[in-house]
Trainee: 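The structure's right below; bear with me while I get my questions together.
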Amino acid sequence: MSSDATGSSNFVNGSPQSGHSKQGEQDTHSAHNGLDTVPQRFKFSSDPTMEDIRRLQAEFTDERDWNQFHQPRNLLLALVGEVGEVAELFQWKGEVAEGLPDWTEAEREHLSHELSDVLIYLLELAEKCHVDLPKAVLRKMALNRLKYPASKVHGSAKKYTEYQD
Ligand SMILES: Nc1ccn([C@H]2C[C@H](O)[C@@H](COP(=O)(O)OP(=O)(O)OP(=O)(O)O)O2)c(=O)n1
């Protein structure tokens, strides 16, 4: 997930971070004057890359002779099923704050498994559809920036069709 010509390299995370951070418990770093601190955003580890995950899943399916089952439509259904499993973890919980402060370790672990299943099937679906997802996502984000200029939409969650020029 390295940078490319879109210039979108700032999201690449140089410092691996594992586990979770509860709200209010996140790491802090000194601001310019060295006195006040600001909460740091949660970041992912820098590896594995999307390509690493695609390759590992390809090895997993090859070893089991499962490619015969992993056609695009089946992968899409598997993906949607796993999204449903993520939704199940949130259902009936009401609002959930960032960092999931009220969740148990077991619930967090379960969520990490289900989100991983979603990612695995998403990446394999992209592979089987010949979509180069790391590059495609950068192109789509560039389009998103054009469609939603910060100067125009700052602080508003309206859909682009609702803005009058
Ligand atoms: N035909 C299959 C079956 C499984 N997997 C891999 C990809 C997913 O990461 C995970 C999905 O496994 P399960 O279908 O057993 O689903 P869960 O792990 O979510 O189990 P459960 O449905 O019991 O929560 O295993 C796969 O690639 N192809």
Side-chain angles (χ1 to χ4, degrees), residues 1-27 39-148 157 159-160:
M1 286 180 249
S2 55
S3 63
D4 79 351
T6 63
S8 304
S9 62
N10 288 343
F11 60 82
V12 175
N13 162 35
S15 53
Q17 181 180 339
S18 62
H20 67 271
S21 315
K22 288 186 181 179
Q23 212 173 28
E25 287 183 3
Q26 293 181 334
D27 295 339
Q40 238 179 22
R41 279 214 171 162
F42 180 83
K43 289 181 180 175
F44 295 142
S45 306
S46 52
D47 59 74
T49 63
M50 286 192 211
E51 167 54 19
D52 290 334
I53 299 166
R54 185 210 59 76
R55 180 177 38 77
L56 289 167
Q57 174 67 0
E59 288 168 11
F60 176 87
T61 52
D62 285 350
E63 284 161 0
R64 287 159 185 77
D65 191 21
W66 279 1
N67 258 310
Q68 55 184 312
F69 311 120
H70 283 212
Q71 302 105 348
R73 185 176 149 280
N74 286 357
L75 289 167
L76 172 62
L77 292 173
L79 169 62
V80 171
E82 295 299 343
V83 170
E85 291 189 37
V86 174
E88 218 178 329
L89 296 179
F90 284 83
Q91 79 185 0
W92 316 129
K93 281 195 185 295
E95 281 306 321
V96 174
E98 178 170 345
L100 317 181
D102 302 323
W103 288 36
T104 65
E105 273 309 312
E107 286 174 320
R108 292 169 191 281
E109 180 76 353
H110 195 171
L111 178 62
S112 75
H113 289 168
E114 301 305 347
L115 288 175
S116 298
D117 289 336
V118 169
L119 181 64
I120 289 164
Y121 282 133
L122 174 67
L123 293 181
E124 194 179 351
L125 175 61
E127 178 206 83
K128 294 287 164 64
C129 295
H130 293 187
V131 171
D132 182 3
L133 204 52
K135 283 286 186 283
V137 76
L138 289 182
R139 285 198 303 274
K140 182 58 171 74
M141 291 176 97
L143 290 171
N144 294 347
R145 281 192 295 275
L146 290 174
K147 193 161 56 172
Y148 292 103
K159 176 106 180 143
Y160 69 98

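Just so you know, ligand 1 is whichever comes first in the structure, and atom 1 is the first atom listed for that ligand. Counting begins at 1 with the first residue of the sequence. Only heavy atoms go into these numbers, but all of them, side chains included; no hydrogens, no water, no symmetry mates.
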Trainee: Enumerate the atoms of ligand 1 whose separation from the nearest heavy atom of Glu85 is less than 4.0 angstrom.
Mentor: 19 (O), 21 (P), 22 (O), 24 (O)
Trainee: For the 3.5 Å polar cut-off, considering only N or O atoms, please tell me whether Thr61 and ligand 1 meet it.
Mentor: no
Trainee: Tell me, do Glu107 and Leu100 make a side-chain contact under 4.5 Å, heavy atoms counted?
Mentor: no
Trainee: Before signing off on this row, confirm whether Tyr121 and ligand 1 have an N or O atom pair separated by under 3.5 Å.
Mentor: yes
Trainee: Answer with side chain, backbone, both or neither: which part of Glu114 has a heavy atom less than 4.0 angstrom from an atom of ligand 1?
Mentor: side chain
Trainee: Please list, in number order, the atoms of ligand 1 under 4.0 Å from a heavy atom of His70.
Mentor: 1 (N), 2 (C), 26 (C), 27 (O), 28 (N)
Trainee: Using 0.5 Å steps for rounding, measure from the NE2 atom of His70 to the OH atom of Tyr121.
Mentor: 5.5 Å
Trainee: Measure from atom 19 (O) of ligand 1 to the protein's non-hydrogen atoms and state whether any distance is below 4.0 Å.
Mentor: yes
Trainee: Give the residue and atom name of whichever protein heavy atom lies nearest to atom 2 (C) of ligand 1, and the separation in Å to one decimal.
Mentor: Trp66 CZ3, 3.2 Å
Trainee: Please identify which atoms of ligand 1 are closer than 4.0 Å to at least one heavy atom of Glu82.
Mentor: 11 (C), 16 (O), 19 (O)
Trainee: Going from CG on Leu123 to CZ on Arg55, what distance comes out if it is rounded to the nearest 0.5 angstrom?
Mentor: 12.5 Å
Trainee: Protein heavy atom under 4.0 angstrom of atom 15 (O) of ligand 1, is there one?
Mentor: no
Trainee: When rounded to the nearest 0.5 angstrom, what distance separates NE2 in His110 from CG in Leu115?
Mentor: 10.0 Å
Trainee: Roughly how far apart are Asn144 CG and Arg139 CZ, rounded to 0.5 Å?
Mentor: 13.0 Å
Trainee: Determine whether Glu124 and Lys128 make a side-chain contact, defined as any pair of heavy atoms from C-beta on separated by less than 4.5 Å.
Mentor: yes
Trainee: Yes or no, since that's all I need: does a protein heavy atom fall within a distance strictly under 4.0 Å of atom 12 (O) of ligand 1?
Mentor: no
Trainee: Can you check which of Leu119, Asp117, Leu79, Leu75 brings a heavy atom nearest to atom 9 (O) of ligand 1?
Mentor: Asp117
Trainee: Just by distance, do the side chain of Asp52 and the backbone of Thr49 share a donor-acceptor pair under 3.5 Å?
Mentor: yes
Trainee: Calculate, to the nearest 0.5 Å, the distance between atoms CG and CG belonging to Asn74 and Leu79 respectively.
Mentor: 12.5 Å
Trainee: What atoms of ligand 1 come within less than 4.0 Å of a heavy atom belonging to Ile120?
Mentor: 9 (O)
Trainee: Could you grab the distance from atom CD of Glu114 to atom CZ of Phe90, nearest 0.5 Å is fine?
Mentor: 11.0 Å
Trainee: Which residue owns the protein heavy atom closest to atom 27 (O) of ligand 1, what's the atom, and how far is it?
Mentor: Gln57 NE2, 2.8 Å
Trainee: Would a 4.0 Å cut-off, counted as strictly less than, catch a protein heavy atom around atom 22 (O) of ligand 1?
Mentor: yes
